[in-house]
Participant: 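There's a structure below that I have some questions on.
Note that the numbering runs from 1 along the sequence shown for the chain. All values below come from the heavy atoms of this structure, side chains included, with hydrogens, waters and symmetry mates left out. Remember, it's 1-based here, ligands and their atoms both numbered in the order they're listed.
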Amino acid sequence: MSDKTVQITDSATNKTATFPIVTGTLGPPAIDIGKLNKETGYFTFDPGFAATAAARSAITFIDGDAGVLLYRGYPIDQLAKQSNFLEVSYLLLNGQLPDKAKFSAFEDEITHHTMMHEALKNFLHGFHHDAHPMAMLCGSIASLSAFYHDTLDMDDPEQRRLAAIRLIAKMPTIAAAAYRYSIGWPIRYPRNNLDYVTRFLHMMFEVPSEPLQLSPIVAKALDLLFILHADHEQNASTSTVRLVGSTGANPYACVAAGIAALWGPAHGGANEAVLKMLAQIGDAKNVGKAVEKAKDKNSGFRLMGFGHRVYKNFDPRATIIRDMCHKLLADLNVNDPLLDVAMALEEVALKDSYFVERKLYPNVDFYSGLIYKALKIPTEMFTVMFAIARTSGWVAHWLEQHLDPETRIGRPRQIYTGSVKRDYVGFDKR
Ligand code: SDX
């Protein structure tokens, strides 16, 4: 808290109201406008909540101007170099890095919750085989509340904790099952002798007829991508999870809502959209035209993978992913012409005044699709990858919100622009 205040004077009435300033450990202060309407009769107007702090949170800190991203205070580049996704998940949920015993217990609990209920296979088989995996994931996760009645009492911290564990543990199993169903392959069961990411890759790609030959480079690269995508403060899908959570809804419904929000091309769906855009551009010689089209408001075309609501500098995750992309494609001896297109597009856009003035830099989604492609992850599974990783962030925020005394049901207001009161008239008078 701060003892500083701001005063707002209404020029219509010359009345002045005083409001407290709220500060955190890092980042910009905020004006606590909880009493604004009562004191002044005004609401605030902030479409997209670009200037609104929705909650206090200790999980992730972003400094958009400096390109800083901290998970529980740890810089993302240090976690990317030294940690692993499951340890980062523990950190996001619990606030501290685990000692060996705590990590081993956490990993063991996750490992023993990876199976999905057999009846869920019938649920998946209810989809048409060409259903988008995000549709199958969203529907399947929402259905988990129908299977796990022992984690639906939101007032019981142990039930909340177990639900979080189940979601982190089962997301890869259900995601892989949805993919296998969409290509007509039999579902592979999770193997407890494998680590979290290797287990997922086996469920995705192992066929009954032969053992999977998996390069450790692939598992390491995917683990790193999961770390980079694990959380990102109050982004659209996390805010969705929090809004649904504020009504007391069960965690499976909350995370299913987060998956739905993530699917949009302006958010997590951008990684899939980037690859389609690069394929449409086709060749480095066409990037100039694409940049010009993206600058034309009437074109309805945007450079997918560029721009960010918060980062007005390079997305620190994009920097890590860009370097990793070049290294991985070299390590795997993959020569992807789309990488040349991406690099040419980045070079042209970063020099163009339209992008420079608007501080539009490549974001986390710009290069990640190229890596998923090199890892032989199918394009329609790119946003599913994002959802698997972001589940740890979503459940960390959901758990945090249940412990926050300031949590209230989310209910924004509006500026009404419709018709004034009028009386109903019958057909004969219309
Ligand atoms: C993610 O919030 C998060 O943290 C999200 C995320 C996470 O980890 O959870 O980081 C993940 O969602 C990354 C973003 C992925 N989306 C894309 O790559 C889609 C393309 N980018 C945009 O649509 C856009 O940049 C957003 C949605 C990311 C940000 O939108 P804002 O902050 O609302 O910005 P805006 O739409 O108001 O744009 C500001 C200006 C506009 O021009 P002017 O009206 O000022 O003239 O920049 C232009 C926009 O037209 N602009 C673009 C552009 N992005 C913004 N112009 C061309 N290409 C683009 N990509």
Participant: State the atoms of ligand 1, each with its element, that fall below the 4.0 Å cut-off from a heavy-atom position in Met304.
Facilitator: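 Answer for ligand 1: 18 (O), 19 (C).
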
Participant: With a 4.0 Å cut-off on heavy atoms, does Gly269 reach ligand 1?
Facilitator: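 No, Gly269 has no heavy atom closer than 4.0 Å to ligand 1.
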
Participant: Need the ligand 1 atom indices (1-based, order shown) with element for anything under 4.0 Å from a heavy-atom of Gly305.
Facilitator: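 Going through ligand 1 atom by atom, the ones under 4.0 Å from Gly305 are 17 (C), 18 (O).
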
Participant: At their closest point, which heavy atom of Ser143 faces which heavy atom of Leu120, and how far apart are they?
Facilitator: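 Ser143 and Leu120 have their closest heavy atoms at OG-CD1, 3.2 Å.
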
Participant: Where on Leu360 is there a heavy atom closer than 4.0 Å to ligand 1, on the side chain, on the backbone, on both, or on neither?
Facilitator: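 The part of Leu360 near ligand 1 is the side chain, not the backbone.
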
Participant: Under 4.0 Å, heavy atoms only, figure out whether ligand 1 is touched by the backbone of Phe366, its side chain, both or neither.
Facilitator: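 Under 4.0 Å from ligand 1, Phe366 contributes no heavy atoms.
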
Participant: Nearest to atom 2 (O) of ligand 1, what protein heavy atom do you find, and at what distance?
Facilitator: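 Going by distance alone, atom 2 (O) of ligand 1 is nearest to Asn235 CB, 3.5 Å.
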
Participant: Can you list the ligand 1 atoms lying under 4.0 Å from a non-hydrogen atom of Ala270?
Facilitator: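 This gives 15 (C), 16 (N), 17 (C), 18 (O) as the contact atoms.
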
Participant: Give the atoms of ligand 1, by number and element, whose distance to some non-hydrogen atom of Ala294 is under 4.0 Å.
Facilitator: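 Those atoms are 57 (C).
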
Participant: Using non-hydrogen atoms of the residue, decide whether Arg317 is closer than 4.0 angstrom to ligand 1.
Facilitator: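 Heavy atoms of Arg317 do come under 4.0 Å of ligand 1.
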
Participant: Are any of the N/O atoms in Val364 less than 3.5 Å from those in ligand 1?
Facilitator: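 N/O-N/O distance under 3.5 Å: no.
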
Participant: Hey, is ligand 1 close enough to Leu303 that some N/O pair sits below 3.5 Å?
Facilitator: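 For ligand 1, there is an N or O atom that lies under 3.5 Å from one belonging to Leu303.
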
Participant: Would the Phe306 and Phe366 ring centres measure less than 6.0 Å apart?
Facilitator: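 Yes, ring centres under 6.0 Å apart.
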
Participant: If hydrogens are left out, which of Thr238, Val310, Asp365 has an atom nearest to atom 15 (C) of ligand 1, that is, the closest non-hydrogen atom?
Facilitator: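 Looking at heavy atoms only, the winner is Asp365.
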
Participant: So between Phe355, Tyr361, Phe306, whose heavy atom ends up nearest atom 25 (O) of ligand 1?
Facilitator: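 The residue whose heavy atom sits nearest atom 25 (O) of ligand 1 is Phe306.
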
Participant: Could a heavy atom of Ala266 be found less than 4.0 Å from some atom of ligand 1?
Facilitator: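 Under 4.0 Å: yes for Ala266.
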
Participant: Side chains of Ser57 and Glu233: do they bring a donor and an acceptor to under 3.5 Å?
Facilitator: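 No, because no side-chain N or O of Ser57 sits under 3.5 Å from a partner of the opposite role on Glu233.
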
Participant: Which residue holds the protein heavy atom closest to atom 12 (O) of ligand 1, what is that atom called, and what is the gap in Å?
Facilitator: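 Of every protein heavy atom, His267 ND1, 2.9 Å lies nearest to atom 12 (O) of ligand 1.
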
Participant: Does ligand 1 have an atom that lies less than 4.0 angstrom from a heavy atom of Asn363?
Facilitator: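 In this structure, Asn363 qualifies as a contact of ligand 1 - some heavy atom is under 4.0 Å.
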
Participant: With a cut-off of 4.0 Å, which atoms of ligand 1 are near a heavy atom of Lys297?
Facilitator: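 Result: 42 (O), 43 (P), 44 (O), 46 (O), 50 (O).
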
Participant: Considering only heavy atoms, which of Lys359, Arg309, His308 lies nearest to atom 3 (C) of ligand 1?
Facilitator: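 Considering heavy atoms of Lys359, Arg309, His308, the nearest to atom 3 (C) of ligand 1 sits in His308.
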
Participant: Closer than 4.0 angstrom: is that true for some heavy atom of His229 and an atom of ligand 1?
Facilitator: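 Judged by the 4.0 Å heavy-atom criterion, His229 does not count as contacting ligand 1.
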
Participant: Can a donor-acceptor pair be found between the side chains of Ser237 and Asn235 at a distance below 3.5 Å?
Facilitator: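 Yes, side-chain donor-acceptor contact under 3.5 Å.
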
Participant: Measuring from non-hydrogen atoms of Gln234 to any atom of ligand 1, is the shortest distance under 4.0 Å?
Facilitator: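 No.
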
Participant: Could you walk me through whether His232 and Tyr311 pass the side-chain hydrogen bond (donor to acceptor under 3.5 Å, both in side chains) test, one step at a time?
Facilitator: CA-CA 11 Å; His232 213 239; Tyr311 288 123; 2.8 Å; yes

Participant: Using only heavy-atom distances, determine whether the side chains of Gln401 and Thr407 contain a donor-acceptor pair under 3.5 Å.
Facilitator: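 Side chains of Gln401 and Thr407: no pair found under 3.5 Å.
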
Participant: Less than 4.0 Å from atom 10 (O) of ligand 1, is there any heavy atom belonging to the protein?
Facilitator: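 Answer yes: something from the protein, a heavy atom, is under 4.0 Å.
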
Participant: Just go through His232, Arg390, Arg358, Arg302 and tell me whose heavy atom is the nearest to atom 35 (P) of ligand 1.
Facilitator: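 When every heavy atom of His232, Arg390, Arg358, Arg302 is considered, Arg302 comes closest to atom 35 (P) of ligand 1.
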
Participant: Side chains of Arg242 and His397: do they bring a donor and an acceptor to under 3.5 Å?
Facilitator: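 Judged by distance alone, the side chains do pair up.
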
Participant: Tell me whether ligand 1 is touched by Phe301 - counting only heavy atoms on the residue side and a distance under 4.0 Å.
Facilitator: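 Phe301 does not count as a contact of ligand 1 under the 4.0 Å cut-off.
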
